[in-house]
Asks: 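Have a look at this one before I ask anything.
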Number of protein chains: 4
Amino acid sequence: MIEIDLNSDVGEGFGNYTIGNDEEVMKYITTANVACGFHAGDPCVMRKTVGLAKANGVVVGAHPGFPDLMGFGRRAMRISDDDAWSYIIYQVGALKAFVEVAGLTLHHVKPHGALYSVLTTDEQLSRVVADAILKIDPGLPVYFPAPLSQAFPRIAKEMGLRVVGEVNADTDYTPDGAVVVQRAKHALDPEVARKKVRKFIAEGTVTAINGKDIRMEAESICIHGDTPNAIDVVKAVRDELKKAKVAIAPFKRSSSPAKPKSKS
Amino acid sequence: MIEIDLNSDVGEGFGNYTIGNDEEVMKYITTANVACGFHAGDPCVMRKTVGLAKANGVVVGAHPGFPDLMGFGRRAMRISDDDAWSYIIYQVGALKAFVEVAGLTLHHVKPHGALYSVLTTDEQLSRVVADAILKIDPGLPVYFPAPLSQAFPRIAKEMGLRVVGEVNADTDYTPDGAVVVQRAKHALDPEVARKKVRKFIAEGTVTAINGKDIRMEAESICIHGDTPNAIDVVKAVRDELKKAKVAIAPFKRSSSPAKPKSKS
Amino acid sequence: MIEIDLNSDVGEGFGNYTIGNDEEVMKYITTANVACGFHAGDPCVMRKTVGLAKANGVVVGAHPGFPDLMGFGRRAMRISDDDAWSYIIYQVGALKAFVEVAGLTLHHVKPHGALYSVLTTDEQLSRVVADAILKIDPGLPVYFPAPLSQAFPRIAKEMGLRVVGEVNADTDYTPDGAVVVQRAKHALDPEVARKKVRKFIAEGTVTAINGKDIRMEAESICIHGDTPNAIDVVKAVRDELKKAKVAIAPFKRSSSPAKPKSKS
Amino acid sequence: MIEIDLNSDVGEGFGNYTIGNDEEVMKYITTANVACGFHAGDPCVMRKTVGLAKANGVVVGAHPGFPDLMGFGRRAMRISDDDAWSYIIYQVGALKAFVEVAGLTLHHVKPHGALYSVLTTDEQLSRVVADAILKIDPGLPVYFPAPLSQAFPRIAKEMGLRVVGEVNADTDYTPDGAVVVQRAKHALDPEVARKKVRKFIAEGTVTAINGKDIRMEAESICIHGDTPNAIDVVKAVRDELKKAKVAIAPFKRSSSPAKPKSKS
């Protein structure tokens with residue numbers, strides 16, 4: 001039986017502010033990407049989120065982003081190599097401490113928002129970010145939206161990192177396979193997510209905004225926790241996976257990638 | 001021959017801003033307390049500072065503070081227990097990552113500014129902060145200004161942490177032995193620091209602002225890097241220690257405390 | 001017929017974060033206290049909030065607080081006189097620009113959260129804050145929770161500012177008449193608010209947490225927009241005022257204070 | 001006798017951090033561009049800087065930038081139209097309050113760092129920024145580096161704003177006439193500044209980094225306060241202007257532009 005990982009961006013509150021319903025989302029996912037205090041999250045939120053993940057048997061990864069709380073890390077910033085390297089060490093290091101203090105092991109790293117967008121094409125910054133992750137722990141997998149031919153996953157793999165492709169169940173894709181990043185999320189028809197997942201499991205592809213099919217080498221499905229109806233979306237995704245007889249389990253470092261069925 | 005540790009607060013720049021002359025200060029100290037991005041410091045500054053420490057054979061500790069860059073962590077804030085615990089994990093964790101990536105080991109933790117001031121008397125917050133440090137690494141010594149009868153050093157010791165008392169060569173003390181924290185530092189006559197050190201080595205005491213002598217159980221002497229003439233001050237301190245035949249070496253976890261000579 | 005002003009703290013979102021339902025709250029109040037970017041609010045939120053107020057015929061005041069987004073301005077900070085004065089000018093000035101660009105006039109100033117708490121007793125800071133408001137516009141009324149014998153309203157009045165007392169329909173009071181400030185708000189039974197308002201209109205008093213009655217010289221009733229069910233609360237308050245035949249209208253500089261009926 | 005305005009970016013400190021020597025710089029300039037708390041500056045610094053300007057008879061303009069203290073506003077950020085408009089109102093409004101409380105009138109607005117860079121080519125953002133300034137006060141001149149054929153000065157002029165061209169005495173220019181923005185400034189040979197000014201006064205041009213001459217419609221010369229030896233640079237510039245018999249005076253709204261001598 002094939003397996004697939006189900007990840008979500010959580011811990012995106014700040015102070016008195018909350019985004020998403022982490023308590024609920026945690027019940028349905030295998031893998032949490034936790035904000036690290038730059039684009040979202042603060043130390044109290046990180047502590048609480050790691051505790052929630054532990055209580056739900058969810059593995060925890062770091063979700064670093066640009067230092068831009070006002071823009072939720074969804075605005076591109078022209079940062080230097082030194083900035084990028086240091087921002088990764090800082091954010092991943094801070095989250096790693098919460099994870100280890102909770103008796104867990106940091107599971108992975110996944111770039112957030114506009115940092116992700118920049119890394120789809122910027123080879124120099126991709127090298128810098130991959131180097132920082134390697135320096136922290138060369139065994140840390142990096143999660144990145146497929147297609148994995150984009151700059152960061154390609155370079156990270158070349159530099160020795162294990163890359164876990166993911167497909168979003170709740171965002172659009174450009175014809176180039178880039179995720180359409182929204183600064184604020186809107187509710188999504190769970191049927192749209194269900195259809196995306198069905199097609200991905202059956203054919204290993206998603207349909208871009210221009211109708212073109214794009215091949216997705218994905219071992220994980222991503223649900224965004226700040227979608228207003230994220231719980232409905234994740235339930236629909238789980239149901240669809242069950243129907244397709246795909247087991248839901250966190251990515252294991254030693255496991256071989258999930259191979260979505262292909263029509264051919 | 002007795003030994004003493006010589007520590008300084010460094011890495012207090014932020015972005016384009018610099019405070020102190022870390023490149024120079026590092027040549028004269030054994031032990032660096034590195035700001036962690038809350039009251040001062042940013043990821044690039046932390047990376048650079050840890051690199052400087054490594055190049056100079058200086059051991060590196062974390063110098064966490066209140067989340068108040070505008071006030072340089074020198075304004076008391078009424079934070080909750082959850083805040084305090086989480087702020088320590090976050091800041092120490094972030095710095096620990098830079099230290100470990102540089103191939104070093106985190107040496108100690110020392111509370112900064114108004115956090116220090118609050119911890120001199122607040123027993124509840126002292127317990128919380130000590131617990132956070134223990135959770136990260138129970139072998140991490142905590143540096144704290146003598147006298148060690150103040151709340152934090154007393155409680156940290158009770159809870160199992162090794163406490164390293166320090167005496168400031170460049171600040172005033174109240175009759176209760178509390179450091180007079182200035183929001184912005186002014187230049188200091190190096191002779192004043194020299195005299196303080198001479199008295200401490202000879203008698204194990206400092207003179208408070210009211211003229212009273214206070215006993216100081218200190219194994220380290222602290223020099224503040226943001227004193228405008230910090231280099232002159234640290235040179236005077238080193239010279240005075242040399243005259244007193246006290247060796248300057250970083251605190252070692254296994255070593256027995258430096259025992260200042262006593263007149264009696 | 002007597003009149004009373006109905007004010008609420010709004011514009012407390014930040015970036016992608018929202019607190020309260022300003023669109024709805026604005027339909028029921030006369031007077032908006034808009035966060036100015038320090039403890040909450042950002043420029044986009046301020047623009048939008050002032051626009052909402054204008055569309056609803058609601059008058060706009062500035063709601064300055066401590067520079068502590070992570071603590072939502074609800075943690076006391078020991079700031080200097082210079083800090084306090086400058087923070088008021090900055091925040092009120094920024095909001096005033098949005099108000100004037102929208103073709104409106106800044107209506108009042110009301111201190112937020114822990115700044116309010118500090119001003120209930122700190123006479124020196126009260127003088128400084130009052131001076132800053134006077135310098136911006138000596139005709140700006142200041143809203144402050146009754147009882148008006150507390151430090152800030154007393155001193156502000158002495159210094160020439162018009163003080164508008166307010167009574168909270170949705171918070172508890174200590175026996176000294178101080179508002180019990182919560183860092184995060186919980187839902188409130190609208191009947192509790194209704195009862196508070198009824199008693200205040202009938203007797204000019206509220207009941208403190210120890211059961212004691214406290215006299216309240218209030219010309220405005222405050223509803224907190226971040227109470228989860230703020231809309232239900234404000235509807236109950238309006239209904240209760242209607243029953244008591246009290247007209248709901250924004251405070252007018254020239255008007256005489258609303259005089260709650262007294263049993264005697 | 002022709003006149004020229006001499007402006008400098010000042011008030012760029014933050015909390016305990018200082019950049020530049022404003023006390024000295026103020027003695028030599030006619031016009032201050034004061035940071036507004038986003039890329040640099042804080043309320044206390046703004047108060048102090050406006051006071052210094054007043055004491056030196058220097059006119060005060062607002063120097064708004066991106067919300068990026070860590071990058072000193074020198075990193076491009078992809079902000080929305082709403083962001084840009086609101087950031088201008090907020091920052092200019094805050095500074096305007098300090099200026100008016102000091103009994104002065106806001107003199108102008110000048111975009112800072114990467115915001116300036118983006119505005120050299122981004123027509124949509126230029127319209128938005130110009131609109132915000134017009135809304136605050138249609139009589140506010142905008143300072144912008146020549147050549148004035150760049151997007152912002154061209155569009156601002158079309159929309160009715162008075163544009164004051166400036167030439168930097170202390171930065172390099174690309175062949176397109178764009179200022180080479182450095183994230184951190186280095187010391188500059190005052191002779192280089194002197195030569196730039198001499199050429200500009202004589203010919204109305206500067207030499208780009210490729211040796212090409214670029215025509216500069218400038219009524220003001222800019223000196224950057226964060227150049228380590230800014231005082232030496234400004235003294236050299238003043239001396240050179242004196243030699244060329246050009247009077248140094250702040251730009252007056254009604255005055256006709258300074259017309260540098262032309263060889264032809």
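Throughout, protein chains are lettered first and strands after them, A, B, ... in sequence-line order, and every chain is numbered starting at 1.
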Asks: What is the distance from atom NZ of B/Lys96 to atom NZ of A/Lys96, rounded to the nearest 0.5 Å?
Replies: 6.0 Å
Asks: So which heavy atom on A/Gly93 is nearest to which on B/Ala97, and how close?
Replies: CA-CB, 3.4 Å
Asks: To the nearest 0.5 Å, how far apart are CZ in A/Arg47 and CD1 in B/Ile89?
Replies: 8.0 Å
Asks: Of all the heavy-atom pairs spanning A/Ser86 and B/Phe98, show the shortest one and how long it is.
Replies: O-CZ, 3.3 Å
Asks: Could you tell me whether the side chain of A/Tyr90 and the main chain of B/Cys44 form a donor-acceptor pair under 3.5 Å?
Replies: no
Asks: Give the intermediate values and the outcome of side chain to side chain contact (heavy atoms under 4.5 Å, CB included) for residues A/Tyr87 and B/Asp42.
Replies: CA-CA 9 Å; A/Tyr87 294 173; B/Asp42 71 29; 5.9 Å; no
